[in-house]
K.L.:
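Pasting a structure here, questions to come.
Side chains are part of it too, since the values below use all heavy atoms of this structure and drop only hydrogens, waters and symmetry mates. Protein chains get the first letters and strands the later ones, always in sequence-line order, with residue 1 at the start of each. The shown structure was predicted, so the numbers you read here are calculated from the model rather than taken from an experiment.
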Amino acid sequence: MGPCLRRGTALTGLGGALVAALALAAPVTAQDIAITNARLVIGDGSAPIDGGTVVVRGGKVVAAGAGVAVPAGIERVDAEGRYVTPGIVAAFSRVGLTEVDAVSGTNDRSAPRTRFSAGLDIAPALNPMGSPVAVNRASGVTRAIVAPGGSSNLFAGQGAVVDLADDMDMVTKPRALQFVAFGEAGSAKAGGSRAATFLLFREQLLAARSYARNPAALAEWGNDAMLQRADAEALVRVIDGTTPLFVRVDRAADIVNVLKLKGEFPAMKLVLVGATDGWLVAREIAAAKVPVLVSPLSDLPDSFERLAATQSNAGRLKAAGVDVSVGVFDDDDAHKMGYATQYAGNLVGLARVPGASGMTWDQAFASISSAPARAVGMDGSIGSLRPGRAGDVVIWDNDPLELGSRPTAIWIDGKAQSLTTRQDRLRDRYATPQEGALPKAYDR
Amino acid sequence: MKNGMKGSLLAAVSLALVGCAATGGSAASAGDKPAASAEKPAKFDKNPYPSTYAPYAGRPTAVRGVTIFDGEGGRIDNGVVLFAGGKVEAVGGADTAVPAGYDVIDGTGKVLTPGIIDIHSHLGDYPSPSVDAHDDGNEATSPTTPEVWSEHSVWPQDPGFSRALANGGVTSLQILPGSANLMGGRSITLKNVPSRTVQGMKFPDAPYGLKMACGENPKRVYGGKGRMPSTRMGNFAVNRQTWAKAAVYKKKMDEGKAVDRDLAMETLAGVLAGEILIHNHCYRADEMALVIDMSKEFGYKVSTFHHAVESYKIADMLAKEGICSAMWADWWGFKMEAYDSVNENVPLVHNAGACAIVHSDDANQIQRLNQEAAKALKAGRRMGIDVSDAVAWRWLSYNPAKALGIAEQTGSLKAGKMADVVLWNGNPFSAYTRPEKVWIDGALMFDAMDPKRRPVSDFELGQPGEGDVK
């Protein structure tokens with residue numbers, strides 16, 4: 001990897017393709033590697049360590065920090081002082097579920113005409129060969145929390161935690177979350193009002209609880225059943241806390257009411273998604289110890305449930321003690337996961353604006369790595385370079401939170417990854433637009 | 001797209017995607033007075049909704065010790081900019097004399113630029129909150145509606161204007177009809193100042209534009225209604241037939257013959273006369289090439305292709321034709337005609353000698369067009385297209401000003417031009433930088449250091465978060 005990396009750091013159009021070719025040529029098995037001389041970011045909110053080393057063996061991080069000894073015989077990569085970080089974890093996304101949004105055959109986000117809801121499981125819909133996987137990977141994203149968009153009913157179904165590696169095995173953890181929207185979107189599903197949403201939510205969970213106690217009773221529910229068997233089974237796992245429940249909610253009053261649901265279902269693990277007006281009830285969220293995934297630059301009152309939208313939401317929640325992750329949604333949530341670094345960088349910038357709240361660089365980076373891993377209950381296995389975590393490592397050409405910075409090398413589970421995308425191929429073909437002796441179609 | 005929901009809501013891919021169009025009409029046309037001579041057929045008033053904008057009060061101001069990007073590619077380190085009476089007075093080095101009585105601002109460590117001009121916005125026509133009652137951007141009842149004017153839909157209380165000002169440093173912007181229609185209607189160029197009326201925002205003497213749209217949107221919207229066009233060839237047929245009719249109308253007018261007033265034909269005749277600028281939503285390279293031929297067939301010129309996701313494939317042709325491309329840095333994949341996006345589109349177009357513009361088409365991204373330009377700039381540098389920061393600022397101010405026909409008045413920091421100025425608290429191509437002060441015609445309209453210099457729309461008054469930093 002040494003020569004490969006050096007070419008990568010001088011990434012030009014052709015150089016990038018070369019790096020990719022070399023990476024592709026490498027065996028797709030986990031490598032034992034030590035990346036030395038790094039500006040090392042652990043991803044847990046600690047400060048970068050200059051001169052740091054990270055050692056990956058058997059696909060996992062075994063050591064990271066200053067003064068880490070490099071085991072004898074292990075492949076060494078000199079990062080030449082550049083940033084080395086854990087891969088970005090997309091906090092809330094649809095990567096792998098769609099290729100071209102408006103081409104319905106490629107778009108598996110939502111299933112508005114299915115008779116199922118909570119029981120839907122996105123895992124078999126994921127396409128690791130899709131170009132969005134490669135494009136997001138090339139921007140430094142190595143893992144993603146993927147949620148379904150919606151069903152015909154209140155619950156959208158079960159999402160997964162995935163990796164963005166260049167192989168066919170995309171699912172890190174299936175059924176890693178259940179997704180439901182409250183607020184205006186929930187009302188539209190539940191029959192037209194928030195009252196209907198909360199009642200439907202409660203009745204479906206109670207039905208699932210009945211099913212758990214007496215599965216045979218399901219047959220008696222008949223065609224008017226509130227739930228299909230698969231839905232009931234999925235909701236049982238929500239009630240007992242096995243599956244975290246990701247709840248899209250924005251209006252402050254809705255947030256407070258969602259937090260109260262834990263009163264009746266105390267084992268349920270809630271994660272708030274959006275929480276655009278969350279800063280108005282930051283203390284309540286912090287007290288409930290419920291993590292929040294925000295799309296941090298949403299600052300428009302684009303609906304009546306987001307009247308208090310501000311880019312300071314994330315910083316104010318953080319200051320109140322809420323565990324905040326930064327995601328890229330309310331935007332393109334399938335193709336542009338790389339915006340996570342830009343959004344996190346903006347939070348650093350906000351900290352310099354009088355009256356605004358942002359984050360420190362260290363906090364902002366953690367909000368796109370270890371924090372989303374923690375929200376989905378997986379910070380023991382992904383999201384940072386602490387020992388025991390997956391060997392998801394990125395070397396960057398510059399400060400990763402700065403605009404336009406790009407990875408020069410990526411490993412996922414210790415396997416070197418291709419950085420070349422279909423977009424790069426198009427760029428190279430048209431680096432000079434004029435056709436040559438033969439048409440462009442022969443230029444590859 | 002409107003309101004940034006495009007990714008999560010497929011709905012965004014239907015009508016919202018139809019957001020973009022063209023703008024521009026010629027400034028001169030708008031200001032023409034009814035003919036004074038006794039020509040027989042009465043000339044129709046070309047400017048019946050005139051601008052009432054007048055610059056707000058400013059103070060003579062000097063910013064010194066500052067890095068200046070002048071908007072035309074020039075850069076001065078440790079420079080001085082003077083403005084007074086709404087106009088830029090001087091742009092120079094550290095030795096530039098500051099007259100007595102000027103407010104002096106220390107710009108050390110900061111960057112001063114012309115205000116950003118967004119050539120593609122739907123603020124006001126698709127305002128926040130994006131409720132059905134505000135859905136005023138597409139007159140999607142006929143594939144050709146050149147008779148509608150976007151200014152008649154603009155809601156001046158859209159909170160998005162203030163976000164574009166305070167977070168984005170946007171001082172002028174073009175509001176376009178959506179792209180449901182082949183000919184979506186006239187656009188309008190605004191000064192980004194709060195106002196009770198849209199007339200109070202209209203950029204004085206800016207030309208009108210006509211928004212046109214290629215490709216998927218018109219054929220989907222009308223094909224879906226079982227009417228023409230339902231194909232790309234249908235798109236062209238309807239366009240050509242409409243231009244042919246407009247040519248007849250214009251000929252009658254030119255010959256002094258009496259015509260029944262036809263608002264649609266009036267707009268198209270204005271285009272054929274070169275008074276109204278064409279802003280053409282078009283993604284695919286092959287379609288742009290066909291549009292260029294259509295424009296020659298009927299004798300008009302395209303000012304700018306908007307979105308222009310494939311401009312990099314024909315950047316040489318666009319340079320030769322003198323047509324601008326208004327582009328995103330990296331949007332892709334939301335529909336088929338946006339599939340071949342590359343992150344280097346903007347620098348590749350620039351590098352071919354064509355006019356490159358970074359646009360938003362979005363109430364969120366209009367707040368960080370500088371950041372979008374930065375991503376494109378760095379993508380270009382990685383492939384060896386070495387554009388300096390100062391030259392890249394052309395994508396954000398001077399090039400859009402030219403494409404809108406307002407470059408004589410604004411878009412760069414030159415003596416005598418409008419003092420539309422942003423002081424950034426660092427390099428504006430950094431994620432860590434924000435506008436600190438924004439002046440429009442020399443009036444301080446936003447100051448991050450002064451909560452009273454932060455506009456609050458009527459809609460936000462008395463609501464949670466009123467006057468917040470946003």
K.L.:
Passes side-chain hydrogen bond (donor to acceptor under 3.5 Å, both in side chains), A/Glu402 versus B/Tyr432? Steps please.
P.N.:
CA-CA 8 Å; A/Glu402 260 296 9; B/Tyr432 309 141; 5.1 Å; no
K.L.:
What residue in A/Leu307, A/Asn346, A/Val103, A/Val348 has the most heavy-atom pairs under 4.5 Å with chain B?
P.N.:
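Most heavy-atom pairs within the cutoff with chain B belong to A/Asn346.
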K.L.:
Quick one: does B/Asn343's side chain get under 4.5 Å of A/Arg427's, heavy atoms only?
P.N.:
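No, too far: nothing below the 4.5 Å cut-off.
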K.L.:
Taking the six-membered ring of B/Phe334 as reference, does the NZ or CZ atom of A/Lys336 fall below 6.0 Å from its centre and within a 45° cone about the axis?
P.N.:
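No, A/Lys336 does not lie over the aromatic ring of B/Phe334.
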K.L.:
With no hydrogens and no angle check, just 3.5 Å: does a side-chain donor-acceptor pair link B/Asn167 and A/Asp299?
P.N.:
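A pair is found: one side chain offers a donor N or O, the other an acceptor, under 3.5 Å apart.
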K.L.:
Which one wins on heavy-atom pair count under 4.5 Å against chain B: A/Ser295, A/Gly404, A/Ala431?
P.N.:
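Between A/Ser295, A/Gly404, A/Ala431, the count favours A/Gly404.
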K.L.:
Quick check on A/Val135 against chain B: is it the side chain, the backbone, both or neither that has a heavy atom closer than 4.5 Å?
P.N.:
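Just its side chain gets close to chain B.
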K.L.:
Among A/Ser312, A/Ala356, A/Gly358, who wins on heavy-atom pairs under 4.5 Å with chain B?
P.N.:
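When all of A/Ser312, A/Ala356, A/Gly358 are compared, A/Ala356 has the most.
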K.L.:
Identify whether the distance between the nearest side-chain nitrogen and carboxylate oxygen of A/Asp397 and B/Lys378 falls below 4.0 Å.
P.N.:
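The answer is no: the pair does not qualify as a salt bridge.
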K.L.:
If you count heavy-atom pairs under 4.5 Å between each of A/Pro301, A/Pro354, A/Ser405, A/Gly345 and chain B, which one has the most?
P.N.:
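With the most close heavy-atom pairs to chain B, the winner is A/Pro301.
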K.L.:
Chain B: which of A/Leu401, A/Asn398, A/Val328 shares the most heavy-atom pairs with it under 4.5 Å?
P.N.:
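Most heavy-atom pairs within the cutoff with chain B belong to A/Leu401.
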K.L.:
Using non-hydrogen atoms only, which part of A/Asp399 is less than 4.5 Å away from chain B: side chain, backbone, both, or neither?
P.N.:
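Contact with chain B is through the side chain of A/Asp399 alone.
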K.L.:
Less than 4.5 Å to any heavy atom of chain A: does that hold for the side chain of B/Glu460, its backbone, both, or neither?
P.N.:
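For B/Glu460, the side chain is the part near chain A, not the backbone.
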